Each structure stands twice: as structure tokens, then as C-alpha cells.
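Heads up, the thing below is written out as C-alpha cells.
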2 protein chains.
Amino acid sequence: MNQKNNKELILQSALELFYEKGYEGVGVQEIATRAGVTKPTLYYYFKSKYGLLESLLETKYPAILDALDEAERTSDSFSDKLLKVASEYIRVALNDKQFFYIMLGLQYSPRQSEGHRAIESYNHRMFDLFTQIFEKQNVYLGNMNGRQEQFAIGFMGILNYYILVYYERNQDDNLPVVTDAEIFSLVHQFMHGIFS
Amino acid sequence: MNQKNNKELILQSALELFYEKGYEGVGVQEIATRAGVTKPTLYYYFKSKYGLLESLLETKYPAILDALDEAERTSDSFSDKLLKVASEYIRVALNDKQFFYIMLGLQYSPRQSEGHRAIESYNHRMFDLFTQIFEKQNVYLGNMNGRQEQFAIGFMGILNYYILVYYERNQDDNLPVVTDAEIFSLVHQFMHGIFS
DNA sequence: CATTTTATATACCGATTGGTATACTGTTAT
DNA sequence: ATAACAGTATACCAATCGGTATATAAAATG
């Protein structure tokens, strides 16, 4: 109903402002004001600014990991796996642009910063998930022995940078769809290189 | 000589602190203190905190672009080009870790933030440089028509993410060398995919 | 009905933020 | 010798930082 849920209003406000100005660049007062509450209300639900960031990550990140995990499990062939995971990854990046951009930003924030500490464990889980795609495949194919992690790096690197450039070029918040053909092209390039 | 050059001391201090805490996460006072000067001295050389960031980028970024440009120009075959550019890119990332990490971080910082504004034009130049590798090649090969930018994205994405993971795994500041074989493997994967 | 719990606001805290007005020093140029 | 200038420090500014002590109102619980 329309009864106001201040906790969610605060989370939504934090999502928007962390996206617009970054975790360090925004003040607690500003988050509270945009949510239409006062600071003590914010501190009632979240014990600190860092706790607010943690809550935000915990609210959204696990669902993303689950969706990617499902995409990985419910695909049969190796190329289908890559395609489904890439599609899901890009879908999340478009549907949840603000959160995804925050994720990317925290990943590249200084290692001793609070932001990096908050995202660290999620990053590892994400990386492990991508690595597993190639680990499992290794049972059937012998040729990627010992290079599973390099492949994961390459795959994630391509996807992340593709998304970053995509954001940069569509600064209005009405994002055009990424067609299946484009995603296929990306995955195909990753699998078979650039000469084809 | 040992006469102190405060301007360079400040730039060095800013380099270290932006690396450790990020542009937003560090205060002007802290930069001045570490440099062994007072705030007005800092403001004498740099008109603002943002100006200090601009100076830092202008001090280091052009040389990197030049080095990459030279690597691109002084190579003959296409694969040699990719290899030389990748080698130079990784070399910079290892030799100038602090600056390179700042670059990466600014790239993923919020678009309306000062940090992003400061790095924006350099980013475009870097991207154009990578795109040109494939543009030029297009004269000789027809098959990458219209996909030059996608290739640039893939190539940069792989390199950047490789470097990020490399940093993450070698948190001590004494970085192990990246062998030519590893770089070759990365480039080879980019060119020919993962099945070989 | 009384009491506890949940949820909120007013008003404040010391510390730090980016930035500056002013004065002083040492060197250089006239 | 003196005037100009480059370089630096003391001391300050209003604004904002993350966070809290205290009071209060409403709702749930006994």
C-alpha cells in the first residue's frame, strides 16, 4: 500500500545517491533528506553509513548471483552456458543500472577503503561463479587445463567493459535494448577470436 | 639536488593518497601534511583540489598515451601490434601501479563526479588509440568491418580486468613480473579464442 | 489500562571539509 | 638601496562530516 516504508525509502535514496555521487561523495544527511526522513531515523535502521552500504549490497547482490548461477546450471552445451550467463549478466546491467554501476565502482575503489571492503566477498563469489563455468567444462575438454581463471578474467573483462562503454554512450536513463545478436557476437568473439 | 621541490612533493603525496583512499576519500590537509607543507602552499601551486587532480593526470597520462602510440606505430604485423601494445600497457600498469589504479578508479567513478570529469577526455583518447589498431587493420582485412570498436572493447576489457585481478592477488607492493608467455597467452586468447 | 517496544524528530557534538585573508621571508631585478 | 616577486606560514572561515543524547508519539503487548 501507500503507507510509507522508511527503511526502503532510505535504501532507494542511498541507491540513487551512491550511483550519482559515489559512496564517499555523498553525505548521510543528503541521503536522509532525499528519503524524506531525518538522520536519526536512518541511524535507527542502519547502524552506520557503512552499514547502510552493506544492507544495500545484501539486498540486491545475492539475487544477481542466484540468477547467474541458475543461468549456468540450466544450460546444456558449453557455448549455451556462456551465452546464457552473458545474457543474464547484461540483462541485470540494464535492468538494474544504478546498482550495477555502484558494484563496478566499488570494485575499482581503493583496497583500503570502506567501499572496497564491503564489495570484496561478493566479488570473489562472482569470480568463482565465472571460473566454475570453465572448471566444469574442463572435465570434458582437456585443452583449458590451468587456464580456467584466465578465461574467466577474459570473459568478465569483456562483459564489464562492454557494459561500461554502453553506459557511457547512453547517458539518458532510457537504455536501448542489447539485441541477442550483439550478445552472441560478444560471446562468439570470446570463444573463437576475432578472425571469423 | 636535495633542495626541496614542494610542487613535486605535493604531486607525489597526492598520487599516494589518491591511490590509498581515492580522490573523494582524501582531504587537502592530509595531502599537504604528507608532503611536509601547509595548505596555502598547496593552493599556491594548484588552484583547487580538482586542479591538483588535473595536474596529476596531465603529468603522467600523456606519456602513457605516447608510449602506447609508439608501440602501435613501430610494430609491423597485426599480431605483433597487439602484442606490443598489450606488453606496453601491462608494463605501465606494473611500473606505475599507483597512477594506473587511480586511472581505473576514476573511469568507474560516477559520471557527474569531479573525478570522472577529469579523466573523461583521456579515456576517449585511450579508447580511440585502441580502436585505431583495428581500424588500420581493416584496410587489409575485410572481416572486421564495423566491429573495430567491439574488438577494442574486448581487448581493453581483457587487459584491464587482468590487471585488476593481478593487483588483487599481489597486495604487497613488490609486484612479480608478468612474463612474455603470459602476455602472449592473453593476446592469443583474444585473437583466436579459447579453443587452442 | 499500564507498560513496553517501535519509530520518529529536535537539537546538538567534535572533527574535518575545501578554501582564504594576511603577513612574512628570501631572492631577483631595477 | 629599493621595489617587485615568488614562496611559505599563522590563523581563520562557513559548511559539512558521521554520529548521538534526549524527548515524544504511536502501536503492540501484558
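Everything quoted here is computed from the prediction, not taken from an experiment.
Taking atom OH of residue A:Y43 and atom C1' of nucleotide D:dT20, one finds them 9 Å apart after rounding to whole Å. Rounded to an integer number of Å, the gap from OH of A:Y44 to P of D:dT22 is 19 Å. Straight-line distance from the NZ atom of A:K49 to the P atom of D:dT16: 15 Å, rounded to whole Å. To the nearest angstrom, P of D:dG18 lies 9 Å from CD of A:E24. Atom CD of B:Q29 and atom C1' of D:dC12 are 13 Å apart (whole Å).
Classification of the B:F78-A:F195 ring pair by plane angle, with boundaries at 30° and 60°, yields perpendicular. Using a 30° and 60° split on the angle between ring planes, A:F151 and A:F190 fall in the perpendicular class, above 60°. Between A:H192 and A:H188, the ring-plane angle classifies as tilted under the 30° and 60° cut-offs.
Of the two residues near DNA chain C, A:K39 and A:Y45, the one whose nearest nucleotide lies more 5' is A:Y45.
Within the cation-pi definition used here (under 6.0 Å to the ring centroid, within 45° of the axis), A:K60 does not qualify as a partner of A:F100. A cation-pi arrangement is found for B:R117 relative to B:Y50, the charged atom lying closer than 6.0 Å to the ring centre and inside a 45° cone about the ring normal.
Under the rule for a side chain to side chain donor-acceptor pair (under 3.5 Å), the partners of A:Q12 that lie at least two apart in sequence or sit in another chain are A:E16.
Bounding nucleotides for the chain A contact on DNA chain C, 5' to 3', at a heavy-atom distance below 4.0 Å, are C:dT6 to C:dT10.
Between D:dA9 and B:T38, a contact under 4.0 Å exists linking OP1 or OP2 to a side-chain N or O.
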